[in-house]
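See below for the structure under consideration.
Just so it is clear, the model here is predicted, and its values are computed rather than measured.
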Amino acid sequence: MSWIHSIKWDSDGLVPVIAQDYKTNKVLMFAWMNEEALELTQKNKKAFYWSRSRKKIWEKGEESGHTQNVREIRLDCDGDVILIKIEQVENIACHTGRETCFYQKLDDKGIWVADHVVIKEPKDIYKK
């Protein structure tokens, strides 16, 4: 049996993927992959994801230049979540121009507070 058949895909043929910095272990983002995106990721050592809104595969950084070089691909104990350990180009994983997509922290008053700075303004990243 092929390694890809060990994965438990959801009813849409997708698997959740967590992208984690391979040096710091900081969680940078969450996305989805279908079988083709995962195979491209494994083959090219670059992160490819499935866009549920656009219904297509996209390479991380194809517009922004903030690509993800894949160091490891891991499967959780239940076989239904992928963890990719990546090297994030320019330290920007989020489309908001921040290091991580998880930049909002719930404070003691029940308010979401941004605790990561914008490294590069989105208008300067996405010229379209």
Hey, could you give me the [atom1]/[atom2] distance between [X] and [Y], rounded to the nearest 0.5 Å?
X: Met33; Y: Ile57; atom1: CE; atom2: CD1; result: 10.0 Å
X: Thr24; Y: Asn91; atom1: OG1; atom2: CG; result: 9.0 Å
X: Asn34; Y: Ser51; atom1: CG; atom2: OG; result: 11.0 Å
X: Glu59; Y: Asn44; atom1: CD; atom2: CG; result: 7.5 Å
X: Ile7; Y: Glu35; atom1: CD1; atom2: CD; result: 8.0 Å

Flag yes if [X] and [Y] sit in one hydrophobic cluster, no otherwise; membership is Ile, Leu, Val, Met, Phe, Trp, Tyr, and two members link when side-chain heavy atoms are under 4.5 Å apart.
X: Ile84; Y: Leu14; result: no
X: Met29; Y: Ile86; result: yes
X: Val70; Y: Val27; result: no
X: Tyr49; Y: Val15; result: yes
X: Trp58; Y: Leu40; result: no

Kindly state each residue pair satisfying side-chain hydrogen bond (donor to acceptor under 3.5 Å, both in side chains) with at least one member in residues 2-12, sequence neighbours excluded.
none
Indicate the atoms forming the closest heavy-atom contact of [X] with [Y], along with that distance.
X: Tyr22; Y: Lys85; value: CB-CB, 3.9 Å
X: Glu63; Y: Tyr126; value: OE1-CD2, 4.0 Å
X: Gln88; Y: His66; value: NE2-O, 3.0 Å
X: Pro122; Y: Gly97; value: CG-N, 4.4 Å

Could you walk me through whether Lys60 and Phe48 pass the side-chain contact (heavy atoms from CB on, under 4.5 Å) test, one step at a time?
CA-CA 6 Å; Lys60 175 66 176 165; Phe48 289 82; over 6 Å; no
With the threshold set at 4.0 Å, does a side-chain nitrogen-carboxylate oxygen contact exist between Lys26 and Glu99?
yes
Pairing donors with acceptors under 3.5 angstrom, does anything connect the side chains of Asn69 and Lys46?
yes
Identify which one of Ile125, Ile119, Val118 satisfies the side chain to side chain contact (heavy atoms under 4.5 Å, CB included) criterion when paired with Glu121.
Val118
With a 4.5 Å heavy-atom cut-off, do His116 and Thr100 have their side chains touching?
yes
Donor-acceptor pair, Lys120 side chain versus Arg98 backbone, under 3.5 Å?
no
Quick one, Leu28 with Gln20, criterion side-chain contact (heavy atoms from CB on, under 4.5 Å). Give me CA distance, side-chain angles, the key distance, then yes/no.
CA-CA 5 Å; Leu28 300 179; Gln20 181 180 46; over 6 Å; no
Sequence neighbours excluded, the answer for ring pair (Phe, Tyr, Trp, His ring centres under 6.0 Å) partners of Phe30 is Trp32
Indicate every side-chain donor-acceptor pair of residues 73-83 with a distance under 3.5 Å to a residue at least two apart or in another chain.
{"residue": "Arg74", "atom": "NE", "partner": "Glu72", "partner atom": "OE1", "Å": "2.7"}
{"residue": "Arg74", "atom": "NH2", "partner": "Glu72", "partner atom": "OE1", "Å": "3.1"}
{"residue": "Asp76", "atom": "OD1", "partner": "Gly79", "partner atom": "N", "Å": "2.9"}
{"residue": "Asp76", "atom": "OD1", "partner": "Asp80", "partner atom": "N", "Å": "2.9"}
{"residue": "Asp76", "atom": "OD1", "partner": "Val81", "partner atom": "N", "Å": "3.1"}

Let me see the working for Arg71 and Glu87 under side-chain contact (heavy atoms from CB on, under 4.5 Å), right down to the final yes or no.
CA-CA 7 Å; Arg71 298 300 186 105; Glu87 173 189 6; 3.2 Å; yes
